[in-house]
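The basis for the numbers below is simple: all heavy atoms, side chains too, and nothing from hydrogens, waters or symmetry mates. Throughout, protein chains are lettered first and strands after them, A, B, ... in sequence-line order, and every chain is numbered starting at 1. All values reported here derive from a predicted model rather than from experimental measurement.
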Amino acid sequence: MRVEDGGPLPAAFTTLGRSSFVDFLADQAPDLLPGAAFSGMTAPHDRDRHGRDPEAPHATTVLALTFPGGVVMAGDRRATMGTYIAHREMQKVFPADDFSAVAVAGTAGLAVELVRLFQLELEHYEKIEGALLSLDGKANRLSTMLRAQLPLAMRGLAVVPLFAGYDLDRGEGRIFSYDVTGGRYAEREHHAVGSGAVFARGSLKKRWRPDLSAQEAVAVAVEALMDAADDDAATAGPDQVRRIWPVVATVTASGYLAVSDTELAEVVRVLVAQRTAARSEG
Amino acid sequence: MTFPFYVSPEQVMKDRADYARKGIARGRSVVVIAYDDGIAFATENPSRALHKVGEIYDRIAFAAVGKYNEFEALRVAGVRYADLRGYAYDRADVNARGLANSYAQTMGAVFTTESKPLEVEVVVAEVGPTAERDELYRLSYDGAVAEERGVVVVGGEAERLQQTVTQEWAPGMALPDVLGLAVRALGAGPEGSAGRSLASAALEVAVLDRTRPRRAFRRLTGDLLDDLLPARG
(Lines give C-alpha, C1' and ligand atoms only; values in the text may rest on other atoms or scores of the structure.)
Protein backbone atom coordinates (compact mmCIF):
# COMPACT_ATOMS: atom_id res chain seq x y z
CA MET A 1 0.00 0.00 0.00
CA ARG A 2 1.07 3.60 -0.46
CA VAL A 3 0.59 6.55 1.81
CA GLU A 4 -0.51 9.45 -0.30
CA ASP A 5 -0.51 13.02 0.92
CA GLY A 6 -3.27 13.83 3.33
CA GLY A 7 -4.41 10.35 4.31
CA PRO A 8 -4.32 9.26 7.95
CA LEU A 9 -1.42 6.99 8.86
CA PRO A 10 -2.51 3.33 8.96
CA ALA A 11 -2.30 1.45 12.26
CA ALA A 12 0.77 -0.47 11.06
CA PHE A 13 2.68 2.81 11.03
CA THR A 14 1.98 3.70 14.64
CA THR A 15 2.62 0.24 16.08
CA LEU A 16 5.73 0.37 18.25
CA GLY A 17 8.29 -2.34 18.84
CA ARG A 18 9.72 -2.91 15.40
CA SER A 19 12.76 -1.07 14.11
CA SER A 20 13.53 -2.88 10.84
CA PHE A 21 12.62 -1.03 7.66
CA VAL A 22 13.01 -4.19 5.57
CA ASP A 23 10.35 -5.99 7.62
CA PHE A 24 8.10 -2.94 7.44
CA LEU A 25 8.54 -2.75 3.67
CA ALA A 26 7.81 -6.48 3.31
CA ASP A 27 4.47 -5.89 5.08
CA GLN A 28 3.44 -2.57 3.59
CA ALA A 29 4.88 -2.52 0.08
CA PRO A 30 6.40 -5.92 -0.79
CA ASP A 31 6.51 -4.94 -4.46
CA LEU A 32 9.28 -2.47 -3.59
CA LEU A 33 11.66 -5.13 -2.24
CA PRO A 34 14.72 -5.68 -4.46
CA GLY A 35 14.01 -8.40 -6.97
CA ALA A 36 10.27 -8.57 -6.15
CA ALA A 37 9.41 -8.31 -9.84
CA PHE A 38 11.42 -11.45 -10.61
CA SER A 39 9.77 -13.64 -8.03
CA GLY A 40 6.86 -14.49 -10.34
CA MET A 41 9.20 -15.37 -13.22
CA THR A 42 9.68 -19.04 -12.65
CA ALA A 43 8.29 -20.63 -15.78
CA PRO A 44 10.83 -21.69 -18.41
CA HIS A 45 9.13 -19.54 -21.07
CA ASP A 46 10.41 -16.44 -19.25
CA ARG A 47 13.90 -17.47 -20.23
CA ASP A 48 15.47 -17.06 -23.63
CA ARG A 49 15.67 -19.93 -26.15
CA HIS A 50 18.87 -21.23 -24.54
CA GLY A 51 17.08 -21.52 -21.21
CA ARG A 52 18.98 -18.65 -19.65
CA ASP A 53 17.68 -15.70 -17.68
CA PRO A 54 17.76 -12.39 -19.53
CA GLU A 55 21.26 -10.99 -19.48
CA ALA A 56 21.79 -8.10 -17.07
CA PRO A 57 24.78 -5.86 -16.34
CA HIS A 58 27.27 -7.35 -13.94
CA ALA A 59 29.44 -5.49 -11.45
CA THR A 60 32.93 -6.79 -10.90
CA THR A 61 35.89 -6.41 -8.55
CA VAL A 62 35.68 -4.85 -5.07
CA LEU A 63 38.11 -5.20 -2.18
CA ALA A 64 38.84 -4.09 1.36
CA LEU A 65 41.92 -4.03 3.57
CA THR A 66 42.57 -3.02 7.15
CA PHE A 67 45.20 -0.65 8.50
CA PRO A 68 45.83 0.41 12.10
CA GLY A 69 42.91 2.69 12.92
CA GLY A 70 40.52 1.72 10.16
CA VAL A 71 39.77 0.07 6.86
CA VAL A 72 40.01 0.96 3.17
CA MET A 73 37.43 -0.16 0.64
CA ALA A 74 37.78 0.12 -3.12
CA GLY A 75 36.02 -0.93 -6.28
CA ASP A 76 36.64 -0.56 -10.01
CA ARG A 77 34.09 1.25 -12.20
CA ARG A 78 33.21 -1.31 -14.88
CA ALA A 79 29.89 -3.08 -15.39
CA THR A 80 29.82 -5.75 -18.07
CA MET A 81 27.11 -7.60 -19.96
CA GLY A 82 28.75 -10.66 -21.46
CA THR A 83 31.74 -9.34 -23.39
CA TYR A 84 30.19 -5.91 -23.68
CA ILE A 85 30.99 -2.97 -21.35
CA ALA A 86 27.62 -1.86 -20.02
CA HIS A 87 28.82 1.08 -17.96
CA ARG A 88 32.18 2.76 -17.34
CA GLU A 89 31.42 4.80 -14.27
CA MET A 90 29.55 2.48 -12.00
CA GLN A 91 29.81 3.07 -8.28
CA LYS A 92 30.27 -0.15 -6.31
CA VAL A 93 31.49 1.25 -2.99
CA PHE A 94 28.96 3.07 -0.82
CA PRO A 95 28.77 4.44 2.70
CA ALA A 96 26.45 2.11 4.65
CA ASP A 97 26.26 4.63 7.50
CA ASP A 98 28.71 6.98 9.24
CA PHE A 99 31.01 4.15 10.39
CA SER A 100 30.74 1.47 7.73
CA ALA A 101 30.98 0.91 4.00
CA VAL A 102 29.47 -1.66 1.69
CA ALA A 103 30.72 -2.74 -1.73
CA VAL A 104 28.95 -5.01 -4.20
CA ALA A 105 29.76 -7.43 -6.97
CA GLY A 106 27.23 -9.31 -9.05
CA THR A 107 24.01 -8.35 -10.84
CA ALA A 108 24.32 -4.58 -10.94
CA GLY A 109 20.67 -3.52 -10.80
CA LEU A 110 19.84 -5.74 -7.83
CA ALA A 111 23.11 -4.91 -6.08
CA VAL A 112 22.51 -1.16 -6.16
CA GLU A 113 18.94 -1.63 -4.94
CA LEU A 114 20.13 -3.89 -2.13
CA VAL A 115 22.66 -1.26 -1.04
CA ARG A 116 19.99 1.46 -1.06
CA LEU A 117 17.76 -0.68 1.15
CA PHE A 118 20.65 -1.61 3.46
CA GLN A 119 21.61 2.05 3.93
CA LEU A 120 18.01 2.86 4.75
CA GLU A 121 17.73 -0.12 7.11
CA LEU A 122 20.64 1.19 9.20
CA GLU A 123 19.40 4.80 9.17
CA HIS A 124 15.86 3.70 10.02
CA TYR A 125 17.07 1.69 13.00
CA GLU A 126 19.20 4.61 14.17
CA LYS A 127 16.27 7.04 13.98
CA ILE A 128 13.75 4.76 15.66
CA GLU A 129 16.00 3.40 18.41
CA GLY A 130 18.08 6.54 18.87
CA ALA A 131 21.24 4.40 18.85
CA LEU A 132 23.67 2.92 16.33
CA LEU A 133 23.69 -0.82 15.66
CA SER A 134 26.92 -2.59 16.59
CA LEU A 135 29.17 -3.48 13.66
CA ASP A 136 28.28 -7.16 14.08
CA GLY A 137 24.60 -6.19 14.16
CA LYS A 138 24.94 -4.34 10.87
CA ALA A 139 26.83 -7.29 9.32
CA ASN A 140 24.06 -9.65 10.44
CA ARG A 141 21.30 -7.45 8.98
CA LEU A 142 23.07 -7.58 5.62
CA SER A 143 23.26 -11.35 5.96
CA THR A 144 19.49 -11.60 6.52
CA MET A 145 18.76 -9.36 3.54
CA LEU A 146 21.04 -11.46 1.36
CA ARG A 147 19.36 -14.69 2.43
CA ALA A 148 16.06 -13.33 1.10
CA GLN A 149 17.77 -13.00 -2.31
CA LEU A 150 18.74 -16.67 -2.49
CA PRO A 151 16.06 -17.72 -5.01
CA LEU A 152 17.35 -15.04 -7.37
CA ALA A 153 20.95 -16.07 -6.81
CA MET A 154 20.00 -19.64 -7.80
CA ARG A 155 18.62 -18.24 -11.05
CA GLY A 156 21.95 -16.60 -11.84
CA LEU A 157 21.12 -13.16 -10.51
CA ALA A 158 23.50 -13.25 -7.58
CA VAL A 159 24.68 -10.30 -5.53
CA VAL A 160 27.79 -10.72 -3.39
CA PRO A 161 28.60 -7.82 -1.08
CA LEU A 162 31.64 -6.97 0.98
CA PHE A 163 31.06 -5.12 4.22
CA ALA A 164 33.65 -3.23 6.25
CA GLY A 165 33.57 -0.72 9.02
CA TYR A 166 35.12 0.76 12.07
CA ASP A 167 34.11 -1.16 15.20
CA LEU A 168 33.54 1.56 17.80
CA ASP A 169 33.55 -0.96 20.66
CA ARG A 170 36.78 -2.70 19.67
CA GLY A 171 38.46 0.37 18.21
CA GLU A 172 39.57 -1.28 14.93
CA GLY A 173 38.60 -1.73 11.31
CA ARG A 174 36.92 -5.03 10.39
CA ILE A 175 35.92 -6.75 7.14
CA PHE A 176 33.04 -9.18 6.47
CA SER A 177 32.55 -11.22 3.33
CA TYR A 178 29.38 -13.05 2.28
CA ASP A 179 28.23 -15.86 0.09
CA VAL A 180 24.96 -16.01 -1.86
CA THR A 181 23.25 -18.01 0.89
CA GLY A 182 23.78 -15.17 3.37
CA GLY A 183 26.77 -16.84 5.01
CA ARG A 184 28.84 -14.23 6.80
CA TYR A 185 32.59 -14.52 7.35
CA ALA A 186 34.85 -12.17 9.30
CA GLU A 187 37.99 -11.63 7.21
CA ARG A 188 41.41 -10.81 8.60
CA GLU A 189 43.66 -8.23 6.98
CA HIS A 190 42.15 -8.03 3.49
CA HIS A 191 39.65 -9.55 1.08
CA ALA A 192 38.32 -9.15 -2.46
CA VAL A 193 35.21 -10.39 -4.29
CA GLY A 194 34.07 -10.31 -7.90
CA SER A 195 35.48 -11.58 -11.18
CA GLY A 196 38.94 -10.03 -10.69
CA ALA A 197 39.16 -11.00 -7.02
CA VAL A 198 41.67 -13.79 -7.54
CA PHE A 199 44.21 -11.39 -9.01
CA ALA A 200 43.40 -8.62 -6.55
CA ARG A 201 43.91 -11.01 -3.62
CA GLY A 202 47.29 -12.05 -4.99
CA SER A 203 48.32 -8.43 -5.18
CA LEU A 204 46.98 -7.65 -1.69
CA LYS A 205 48.90 -10.57 -0.21
CA LYS A 206 52.19 -9.17 -1.47
CA ARG A 207 51.53 -5.51 -0.70
CA TRP A 208 49.61 -5.59 2.58
CA ARG A 209 51.60 -4.93 5.77
CA PRO A 210 50.23 -4.65 9.33
CA ASP A 211 51.71 -1.15 9.71
CA LEU A 212 50.29 0.56 6.60
CA SER A 213 49.28 4.19 6.95
CA ALA A 214 45.88 5.26 5.56
CA GLN A 215 47.54 6.79 2.47
CA GLU A 216 49.64 3.67 1.86
CA ALA A 217 46.56 1.48 2.27
CA VAL A 218 44.75 3.54 -0.40
CA ALA A 219 47.71 3.04 -2.76
CA VAL A 220 47.73 -0.73 -2.05
CA ALA A 221 43.99 -0.88 -2.86
CA VAL A 222 44.41 0.97 -6.15
CA GLU A 223 47.37 -1.19 -7.11
CA ALA A 224 45.39 -4.36 -6.41
CA LEU A 225 42.62 -3.12 -8.70
CA MET A 226 45.18 -2.33 -11.41
CA ASP A 227 46.54 -5.87 -11.08
CA ALA A 228 43.03 -7.30 -11.29
CA ALA A 229 42.30 -5.21 -14.39
CA ASP A 230 45.53 -6.48 -15.94
CA ASP A 231 44.29 -10.07 -15.98
CA ASP A 232 40.49 -9.84 -15.82
CA ALA A 233 38.65 -8.36 -18.78
CA ALA A 234 35.62 -7.50 -16.67
CA THR A 235 37.62 -5.25 -14.32
CA ALA A 236 38.62 -1.75 -15.35
CA GLY A 237 41.91 -0.13 -14.41
CA PRO A 238 42.16 3.63 -13.84
CA ASP A 239 41.14 5.47 -17.03
CA GLN A 240 43.68 8.28 -17.37
CA VAL A 241 42.19 9.58 -20.61
CA ARG A 242 38.64 10.03 -19.32
CA ARG A 243 39.96 10.59 -15.78
CA ILE A 244 37.78 7.86 -14.28
CA TRP A 245 39.32 6.56 -11.07
CA PRO A 246 38.28 3.64 -8.86
CA VAL A 247 35.95 4.53 -5.98
CA VAL A 248 38.03 4.37 -2.80
CA ALA A 249 36.93 5.21 0.74
CA THR A 250 38.42 5.00 4.23
CA VAL A 251 36.44 4.29 7.39
CA THR A 252 38.07 5.33 10.66
CA ALA A 253 37.02 6.53 14.12
CA SER A 254 36.12 9.85 12.49
CA GLY A 255 33.79 8.15 10.01
CA TYR A 256 33.41 7.33 6.31
CA LEU A 257 35.52 9.42 3.96
CA ALA A 258 35.64 9.08 0.18
CA VAL A 259 39.13 9.58 -1.26
CA SER A 260 39.02 12.55 -3.65
CA ASP A 261 39.68 12.30 -7.39
CA THR A 262 42.71 14.57 -7.05
CA GLU A 263 44.31 12.23 -4.52
CA LEU A 264 43.47 9.17 -6.63
CA ALA A 265 44.92 10.78 -9.76
CA GLU A 266 48.16 11.31 -7.84
CA VAL A 267 48.20 7.73 -6.50
CA VAL A 268 47.70 6.39 -10.03
CA ARG A 269 50.37 8.72 -11.46
CA VAL A 270 52.92 7.49 -8.88
CA LEU A 271 52.04 3.81 -9.45
CA VAL A 272 52.26 4.12 -13.23
CA ALA A 273 55.56 6.00 -12.95
CA GLN A 274 56.98 3.29 -10.66
CA ARG A 275 55.97 0.53 -13.04
CA THR A 276 57.29 2.36 -16.07
CA ALA A 277 60.59 3.03 -14.31
CA ALA A 278 60.91 -0.62 -13.22
CA ARG A 279 60.67 -1.71 -16.89
CA SER A 280 63.14 0.81 -18.30
CA GLU A 281 65.89 -0.06 -15.82
CA GLY A 282 68.78 -2.21 -16.99
CA MET B 1 -37.06 1.07 30.55
CA THR B 2 -34.07 3.38 30.64
CA PHE B 3 -33.05 5.93 28.08
CA PRO B 4 -29.44 7.03 27.70
CA PHE B 5 -28.93 10.67 28.56
CA TYR B 6 -28.81 12.92 25.55
CA VAL B 7 -25.49 14.69 25.26
CA SER B 8 -25.15 17.30 22.53
CA PRO B 9 -22.30 16.86 20.05
CA GLU B 10 -20.99 20.30 21.08
CA GLN B 11 -20.69 19.06 24.66
CA VAL B 12 -18.94 15.83 23.61
CA MET B 13 -16.36 17.73 21.59
CA LYS B 14 -15.88 20.29 24.33
CA ASP B 15 -15.32 17.58 26.94
CA ARG B 16 -12.81 15.84 24.72
CA ALA B 17 -10.96 19.07 24.00
CA ASP B 18 -10.85 19.91 27.72
CA TYR B 19 -9.53 16.45 28.48
CA ALA B 20 -6.78 16.73 25.86
CA ARG B 21 -5.85 20.26 26.94
CA LYS B 22 -5.52 19.19 30.57
CA GLY B 23 -3.19 16.36 29.61
CA ILE B 24 -1.06 18.62 27.44
CA ALA B 25 -0.91 21.38 30.07
CA ARG B 26 0.80 19.00 32.51
CA GLY B 27 3.84 18.70 30.22
CA ARG B 28 6.78 21.08 29.93
CA SER B 29 6.77 23.28 26.85
CA VAL B 30 8.97 22.87 23.77
CA VAL B 31 10.28 26.00 22.05
CA VAL B 32 11.00 25.71 18.34
CA ILE B 33 12.82 28.74 17.04
CA ALA B 34 14.47 29.66 13.73
CA TYR B 35 17.99 31.08 13.52
CA ASP B 36 20.19 32.17 10.60
CA ASP B 37 21.56 28.69 9.81
CA GLY B 38 18.61 26.52 10.77
CA ILE B 39 15.94 25.73 13.32
CA ALA B 40 16.59 25.06 17.03
CA PHE B 41 14.51 22.97 19.47
CA ALA B 42 14.73 23.41 23.22
CA THR B 43 12.82 21.91 26.12
CA GLU B 44 13.26 21.09 29.75
CA ASN B 45 13.81 17.33 29.85
CA PRO B 46 16.07 15.70 32.43
CA SER B 47 15.81 12.29 30.68
CA ARG B 48 18.69 11.31 28.38
CA ALA B 49 16.71 8.49 26.78
CA LEU B 50 13.09 9.60 26.44
CA HIS B 51 13.28 12.37 23.88
CA LYS B 52 10.67 14.95 23.00
CA VAL B 53 12.54 16.05 19.89
CA GLY B 54 13.53 13.62 17.16
CA GLU B 55 14.84 13.24 13.61
CA ILE B 56 12.30 12.29 10.94
CA TYR B 57 14.24 12.67 7.70
CA ASP B 58 17.16 14.50 6.10
CA ARG B 59 15.78 18.01 6.61
CA ILE B 60 12.75 17.26 8.83
CA ALA B 61 12.41 17.02 12.60
CA PHE B 62 9.63 16.44 15.08
CA ALA B 63 8.93 17.91 18.52
CA ALA B 64 6.05 17.04 20.79
CA VAL B 65 4.58 17.53 24.23
CA GLY B 66 2.00 15.53 26.14
CA LYS B 67 1.79 11.80 26.70
CA TYR B 68 5.06 10.10 25.82
CA ASN B 69 3.63 6.83 24.50
CA GLU B 70 1.23 8.69 22.21
CA PHE B 71 3.72 11.09 20.63
CA GLU B 72 6.37 8.38 20.40
CA ALA B 73 3.96 6.35 18.26
CA LEU B 74 3.43 9.42 16.06
CA ARG B 75 7.18 10.01 15.77
CA VAL B 76 7.83 6.40 14.73
CA ALA B 77 4.96 6.59 12.23
CA GLY B 78 6.54 9.75 10.81
CA VAL B 79 9.91 8.06 10.36
CA ARG B 80 8.24 5.11 8.61
CA TYR B 81 6.13 7.41 6.43
CA ALA B 82 9.20 9.43 5.41
CA ASP B 83 11.49 6.45 4.82
CA LEU B 84 8.85 4.60 2.79
CA ARG B 85 8.12 7.66 0.64
CA GLY B 86 11.79 8.41 0.15
CA TYR B 87 12.44 4.79 -0.84
CA ALA B 88 9.49 4.55 -3.24
CA TYR B 89 10.19 7.89 -4.92
CA ASP B 90 13.29 9.88 -4.03
CA ARG B 91 14.78 11.50 -0.95
CA ALA B 92 13.89 14.91 -2.40
CA ASP B 93 10.19 13.96 -2.49
CA VAL B 94 9.76 13.79 1.27
CA ASN B 95 8.49 17.07 2.70
CA ALA B 96 7.14 18.42 5.95
CA ARG B 97 3.86 19.56 4.41
CA GLY B 98 2.88 16.02 3.43
CA LEU B 99 3.83 14.66 6.83
CA ALA B 100 1.96 17.45 8.67
CA ASN B 101 -1.09 16.60 6.56
CA SER B 102 -0.93 12.92 7.47
CA TYR B 103 -0.46 13.75 11.15
CA ALA B 104 -3.43 16.13 11.02
CA GLN B 105 -5.64 13.45 9.47
CA THR B 106 -4.48 10.89 12.01
CA MET B 107 -4.98 13.15 15.02
CA GLY B 108 -8.29 14.44 13.70
CA ALA B 109 -9.58 10.90 13.16
CA VAL B 110 -8.65 9.88 16.70
CA PHE B 111 -10.27 13.03 18.12
CA THR B 112 -13.65 12.38 16.53
CA THR B 113 -13.87 8.58 16.46
CA GLU B 114 -11.88 7.12 19.35
CA SER B 115 -13.04 7.07 22.94
CA LYS B 116 -10.28 9.43 24.00
CA PRO B 117 -8.36 12.09 22.04
CA LEU B 118 -4.55 12.11 21.76
CA GLU B 119 -3.10 14.22 24.56
CA VAL B 120 -0.33 15.63 22.40
CA GLU B 121 0.70 18.71 20.52
CA VAL B 122 3.24 18.29 17.74
CA VAL B 123 5.56 20.52 15.74
CA VAL B 124 6.87 19.39 12.34
CA ALA B 125 9.79 21.49 11.10
CA GLU B 126 11.66 21.42 7.81
CA VAL B 127 14.81 23.39 7.21
CA GLY B 128 15.05 24.86 3.69
CA PRO B 129 18.00 26.01 1.60
CA THR B 130 17.38 29.55 2.88
CA ALA B 131 15.68 30.86 6.04
CA GLU B 132 12.74 32.09 3.93
CA ARG B 133 12.01 28.52 2.88
CA ASP B 134 11.98 27.01 6.36
CA GLU B 135 8.63 25.47 7.28
CA LEU B 136 7.10 25.13 10.73
CA TYR B 137 3.77 23.40 11.40
CA ARG B 138 1.96 23.23 14.71
CA LEU B 139 -0.56 20.40 15.11
CA SER B 140 -3.14 20.26 17.89
CA TYR B 141 -4.80 17.27 19.52
CA ASP B 142 -7.90 17.74 17.30
CA GLY B 143 -5.97 17.70 14.03
CA ALA B 144 -5.89 21.46 13.52
CA VAL B 145 -2.79 22.59 11.61
CA ALA B 146 -1.23 26.02 11.70
CA GLU B 147 1.79 27.14 9.71
CA GLU B 148 4.00 29.42 11.77
CA ARG B 149 6.94 31.72 11.02
CA GLY B 150 10.03 31.90 13.17
CA VAL B 151 8.76 30.71 16.54
CA VAL B 152 6.42 27.95 17.73
CA VAL B 153 5.85 26.97 21.33
CA VAL B 154 3.76 23.95 22.34
CA GLY B 155 2.90 22.59 25.76
CA GLY B 156 1.68 23.78 29.12
CA GLU B 157 2.20 27.50 28.91
CA ALA B 158 2.45 27.74 25.16
CA GLU B 159 0.52 30.97 24.75
CA ARG B 160 2.44 32.94 27.33
CA LEU B 161 5.83 31.62 26.16
CA GLN B 162 4.97 32.16 22.51
CA GLN B 163 4.29 35.82 23.29
CA THR B 164 7.51 36.42 25.22
CA VAL B 165 9.68 34.64 22.68
CA THR B 166 8.05 36.22 19.62
CA GLN B 167 8.51 39.72 21.07
CA GLU B 168 12.26 39.31 21.29
CA TRP B 169 12.80 37.16 18.22
CA ALA B 170 13.96 38.64 14.93
CA PRO B 171 14.89 36.92 11.66
CA GLY B 172 18.60 36.20 11.20
CA MET B 173 19.54 35.76 14.88
CA ALA B 174 22.53 33.49 15.61
CA LEU B 175 22.23 30.10 17.35
CA PRO B 176 23.56 31.17 20.80
CA ASP B 177 21.14 34.12 20.80
CA VAL B 178 18.02 32.07 20.02
CA LEU B 179 19.06 29.36 22.50
CA GLY B 180 19.56 32.00 25.19
CA LEU B 181 16.13 33.40 24.40
CA ALA B 182 14.47 29.97 24.42
CA VAL B 183 16.11 28.86 27.67
CA ARG B 184 15.25 32.15 29.40
CA ALA B 185 11.63 31.70 28.35
CA LEU B 186 11.52 28.06 29.51
CA GLY B 187 12.90 29.03 32.92
CA ALA B 188 10.73 32.10 33.39
CA GLY B 189 8.10 31.84 36.10
CA PRO B 190 4.52 33.05 35.81
CA GLU B 191 3.89 36.80 35.66
CA GLY B 192 5.86 38.63 38.35
CA SER B 193 7.63 35.65 39.94
CA ALA B 194 11.36 35.07 39.67
CA GLY B 195 12.60 32.80 36.88
CA ARG B 196 14.74 29.69 37.28
CA SER B 197 18.06 29.28 35.61
CA LEU B 198 18.16 25.94 33.73
CA ALA B 199 21.38 23.93 33.66
CA SER B 200 22.37 22.30 30.37
CA ALA B 201 21.93 18.84 31.94
CA ALA B 202 18.22 19.57 32.46
CA LEU B 203 17.72 20.58 28.83
CA GLU B 204 17.07 18.70 25.63
CA VAL B 205 18.38 20.75 22.74
CA ALA B 206 18.64 19.84 19.06
CA VAL B 207 19.03 21.67 15.77
CA LEU B 208 18.23 21.24 12.11
CA ASP B 209 21.43 22.71 10.70
CA ARG B 210 21.05 24.03 7.14
CA THR B 211 24.80 23.83 6.53
CA ARG B 212 25.09 20.06 7.14
CA PRO B 213 25.26 18.05 3.91
CA ARG B 214 22.46 15.47 4.11
CA ARG B 215 21.04 14.74 7.54
CA ALA B 216 20.57 18.16 9.08
CA PHE B 217 19.44 16.95 12.51
CA ARG B 218 21.88 17.07 15.39
CA ARG B 219 21.48 16.86 19.16
CA LEU B 220 23.44 19.34 21.24
CA THR B 221 24.60 17.97 24.58
CA GLY B 222 27.41 18.29 27.12
CA ASP B 223 30.21 20.73 26.44
CA LEU B 224 28.88 21.58 23.01
CA LEU B 225 25.68 22.89 24.59
CA ASP B 226 27.47 24.63 27.48
CA ASP B 227 29.54 26.60 24.98
CA LEU B 228 26.41 27.78 23.17
CA LEU B 229 24.42 28.76 26.24
CA PRO B 230 25.08 32.17 27.77
CA ALA B 231 27.31 31.99 30.85
CA ARG B 232 25.32 32.35 34.05
CA GLY B 233 26.43 34.65 36.82
With a sphere of 6.0 Å drawn around [atom1] of [X], does it hold more than 12 non-hydrogen atoms of other residues, nucleotides or ligands?
X     : atom1 : result
A/R88 : CZ    : no
B/R91 : CZ    : yes
B/N69 : CG    : yes

Using non-hydrogen atoms and a 4.5 Å limit, figure out which bit of [X] sits close to chain B: side chain, backbone, both or neither.
X      : answer
A/A12  : backbone
A/E113 : both
A/I128 : both

Which residues in residues 41-57 of chain B have a heavy atom less than 4.5 Å from any heavy atom of chain A?
-> B/E55, B/I56, B/Y57
Residues 120-149 of chain B vs chain A, non-hydrogen distance cutoff under 4.5 Å, contacting residues -> none
Any A/T14 side-chain heavy atom under 4.5 Å of B/E70 side chain = no
Between B/L84 and A/L32, is any pair of side-chain heavy atoms under 4.5 Å apart?
->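 Contact flag for B/L84/A/L32 side chains = yes.
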Top residue by heavy-atom pair count (under 4.5 Å) with chain A, among B/T106, B/D83, B/V79?
->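 Looking at each of B/T106, B/D83, B/V79 in turn, B/D83 comes out on top.
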Engaged part of B/R215 at the chain A interface, taking heavy atoms whose separation is under 4.5 Å = side chain
Between the CG atom in A/L9 and the CG atom in B/N101, the distance rounded to the nearest 0.5 Å is 10.5 Å
Is the Lys NZ or Arg CZ of A/R116 less than 6.0 Å from the centre of B/Y87's six-membered ring, within 45° of the axis?
-> yes
Distance under 6.0 Å and angle within 45° of ring axis: B/R80 vs A/F24 |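 Verdict for A/F24: a cation-pi partner in B/R80.
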Indicate yes or no: does B/R75 engage A/E129 in a salt bridge with an N to O separation below 4.0 Å.
-> no
